[in-house]
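Report on one structure; see the data block that follows.
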Protein chains: 2
Amino acid sequence: MARRTKDESAQTRETILDAAEIEMQARGVSQTSLNRIAQRAQVTRGAIYWHFADKRALLEAMVARTHLPLRDLRECLSQHIPGNEPLWLLREVMRHGLERLGNDPRHRRVCHIVMHRCEVTDEGHPADALMRAMFEDAREVILSLCSEIDQLDLLHPPLSARDASDMVMAFVAGHYECVLRHPETHRADRDWAPLVDAALRGLITEAAARRLAREPAAKPRELEPADH
Amino acid sequence: MARRTKDESAQTRETILDAAEIEMQARGVSQTSLNRIAQRAQVTRGAIYWHFADKRALLEAMVARTHLPLRDLRECLSQHIPGNEPLWLLREVMRHGLERLGNDPRHRRVCHIVMHRCEVTDEGHPADALMRAMFEDAREVILSLCSEIDQLDLLHPPLSARDASDMVMAFVAGHYECVLRHPETHRADRDWAPLVDAALRGLITEAAARRLAREPAAKPRELEPADH
DNA sequence: AAGTATACATACATTCGCGTATGTATGTTC
DNA sequence: GAACATACATACGCGAATGTATGTATACTT
């Protein structure tokens, strides 16, 4: 068989990406041959080389398919925070970032691959560049929120906005690490709210913490995962 | 040349491990051929196969060379905590775990390799088993400390000992992640004390937090990195 | 209805790294 | 000092994965 219709071709492309996700999650990127991916996708390597230049491009497409810039998340969430207060916004961003681990299996798989199933080299792996882009994107949003919080004098001394940002980044990254690498002991579908509150509580003044505890944030509507 | 003396042989072994550390950190485990390691160590692959069964065994030896069980760290630190109070002990464990990133370059390199330069497969990479062992070892110590803290009624409601343990693990893992993966923005030689205090502050009651703030823990003597 | 571009499948050449088998010179033992 | 074990170096065979070149049937264009 050959020359399917355009829709079917696009479908083939998705099938290949799905197969790559599953195989790479199980065996690691470098241990997953294009042949294995082709077999799972019920095609030959020829099809893969038709749609993607090489394994690197395949990986990039895989990540791009699920990548939701945090900037957009902030935009979206900010519409649901009364008064747009940065502390409440930050709480929602953190909570949503962690809940996505349990809600969005594709995000979870891709993060798993990019974080643990893929070697980083000094010349820069394809996925590494994307990791860094995502990290920088998140850091920019979080640092700006922390700066706003700092300007409201809500940070617990002697913490700076930069310190708070580092803490939040490490908090999220650490829980991603635990959940993805040790799923048997760390479940993703837990209630993250108490942990987010505990993390924030350490960063802000006692007064701010008490206000935060009194006002459990309004739950925003569910966000649809980025389809692109 | 052949048949060096026993000391020289041991020296060769160390040289190979050093070379493996450097190469694997730069290129990733699977992208580092034994040939490259041999070249850097000024030997041939024959020498490597004499000292190690295969690449897996080489990696294991590399990790074993720097692995310091957290259990031992706790033992060691507990001698310097007056009254052996679990909250202060936990603070020292966290602080020391992070400071080791800046102090012990070998530990830092090996952690970098095991966390980011090495693919995890489902059947279990050699380094993965060691990662899990280290993680479990740390979790056991930290969870037991959190349980003690919980029994003293120092945990902020509604947190359980398990919650607190998860938070501490994520805190440390997250900062390891940030420092190792993004060294240009996250330095390891910073002062970790304020961040450790902030993390703990969110986990414990306000009263306990105030007591902790009043008593900056006695700095224990430096620990020598695990040799052998 | 014919021609062309598309969407693959098939076949081939090349490279590369691993493991092992074997060679060899030197320390060590008796 | 002869025999043996050690600590490597050298050489070989192998499989596996990659990239490319080519074949081919079908959709789309005119």
Side-chain angles (χ1 to χ4, degrees), chain A residues 1-20 22-62 113 117-119 121 123 125-127, chain B residues 1-20 22-62 113 117-119 121 123 125-127:
Chain A
M1 66 201 66
R3 187 66 223 272
R4 330 285 301 268
T5 173
K6 233 181 179 187
D7 287 353
E8 286 172 322
S9 166
Q11 174 61 38
T12 302
R13 191 188 132 101
E14 294 298 303
T15 307
I16 291 172
L17 290 176
D18 289 341
I22 295 175
E23 288 293 328
M24 286 180 173
Q25 186 183 6
R27 303 192 159 60
V29 172
S30 80
Q31 295 304 315
T32 300
S33 68
L34 297 182
N35 206 17
R36 287 201 71 98
I37 298 174
Q39 281 183 15
R40 174 171 292 270
Q42 311 254 44
V43 295
T44 63
R45 273 171 53 242
I48 297 181
Y49 275 102
W50 171 255
H51 285 283
F52 310 97
D54 52 10
K55 199 199 267 188
R56 182 192 191 93
L58 174 63
L59 227 186
E60 283 177 8
M62 222 186 67
I113 291 172
R117 255 65 172 171
C118 143
E119 291 180 2
T121 71
E123 315 93 71
H125 204 286
Chain B
M1 67 202 65
R3 188 65 223 271
R4 333 284 302 269
T5 171
K6 232 179 179 187
D7 287 353
E8 287 172 321
S9 166
Q11 175 60 39
T12 301
R13 191 187 132 102
E14 294 298 304
T15 306
I16 292 172
L17 290 176
D18 290 341
I22 295 175
E23 289 292 329
M24 287 180 173
Q25 186 183 5
R27 296 174 210 298
V29 172
S30 79
Q31 295 304 317
T32 300
S33 67
L34 296 182
N35 206 16
R36 288 201 72 98
I37 298 174
Q39 280 183 16
R40 174 172 290 271
Q42 313 255 44
V43 295
T44 63
R45 275 171 52 243
I48 297 181
Y49 275 102
W50 171 255
H51 285 283
F52 310 97
D54 52 11
K55 199 200 268 187
R56 181 194 193 91
L58 174 62
L59 228 185
E60 283 177 9
M62 226 186 65
I113 292 172
R117 256 65 172 168
C118 145
E119 292 181 3
T121 71
E123 316 92 68
H125 203 286

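Just so it is clear: chains get the letters A, B, ... in the order the sequence lines come, proteins before strands, and each one is counted from 1.
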Rounded to whole Å, CG of B:L34 lies from P of D:dA9 at a distance of 14 Å
From CG of A:L58 across to P of D:dG19 the rounded distance in Å is 12 Å
Whole-Å distance, A:W50 CH2 to D:dT20 P, equals 15 Å
Here the distance between atom P of D:dT18 and atom CG of A:L59, to the nearest Å, is 12 Å
Closest of D:dT18, D:dC28, D:dC8 to the A:T5 side chain is D:dC28
Against the side chain of A:A47, the closest entry in C:dC8, D:dC8, C:dT20 is C:dC8
Practice problem: Using a cut-off of strictly less than 4.0 Å, decide whether A:K55 has a side-chain nitrogen or oxygen near OP1 or OP2 of D:dT18. | Solution: yes
For this session: Tell me what B:T44 touches on the nucleic acid: a base, only sugar-phosphate, or nothing, going by heavy atoms under 4.0 Å.
Result: base
Rounded to whole Å, the CZ-P distance (A:R13 to C:dA7) equals 12 Å
Between the CD atom in B:E23 and the CZ atom in B:R117, the distance rounded to the nearest 0.5 Å is 12.5 Å
### Check: C:dG19 base within 3.5 Å donor-acceptor of B:R45 side chain
yes
Rounding to 0.5 Å, atoms CG (B:N35) and CD1 (B:I48) come to a distance of 8.0 Å
A:D54 has its side chain closest, among D:dG19, C:dC8, D:dA7, to D:dG19
For this session: Using a cut-off of strictly less than 4.0 Å, decide whether A:Y49 has a side-chain nitrogen or oxygen near OP1 or OP2 of C:dC8.
Result: no
When rounded to whole Å, the CG to C1' distance for the pair B:N35 and D:dA9 reads 13 Å
*Please determine if a side-chain N or O atom of B:S9 lies less than 4.0 Å away from the OP1 or OP2 oxygen of D:dC8.*
yes
Between NZ of B:K6 and C1' of D:dA5 the distance, given in whole Å, is 11 Å
Practice item. Taking only the side-chain nitrogens and oxygens of B:T12, find out if one of them lies under 4.0 Å from OP1 or OP2 of D:dC8. Key: yes
Intermediate values then yes/no, side-chain hydrogen bond (donor to acceptor under 3.5 Å, both in side chains), B:E119 and A:S30:
CA-CA 8 Å; B:E119 292 181 3; A:S30 80; 3.0 Å; yes
**OP:** Kindly indicate whether the side chain of A:V29, heavy atoms from C-beta on, has any atom under 4.5 Å from the side chain of A:K55.
**Re:** yes
B:H51 atom NE2 is separated from D:dA9 atom P, nearest whole Å, by 9 Å
- Item | Side-chain heavy-atom pair A:L17, A:F52 within 4.5 angstrom cut-off | yes
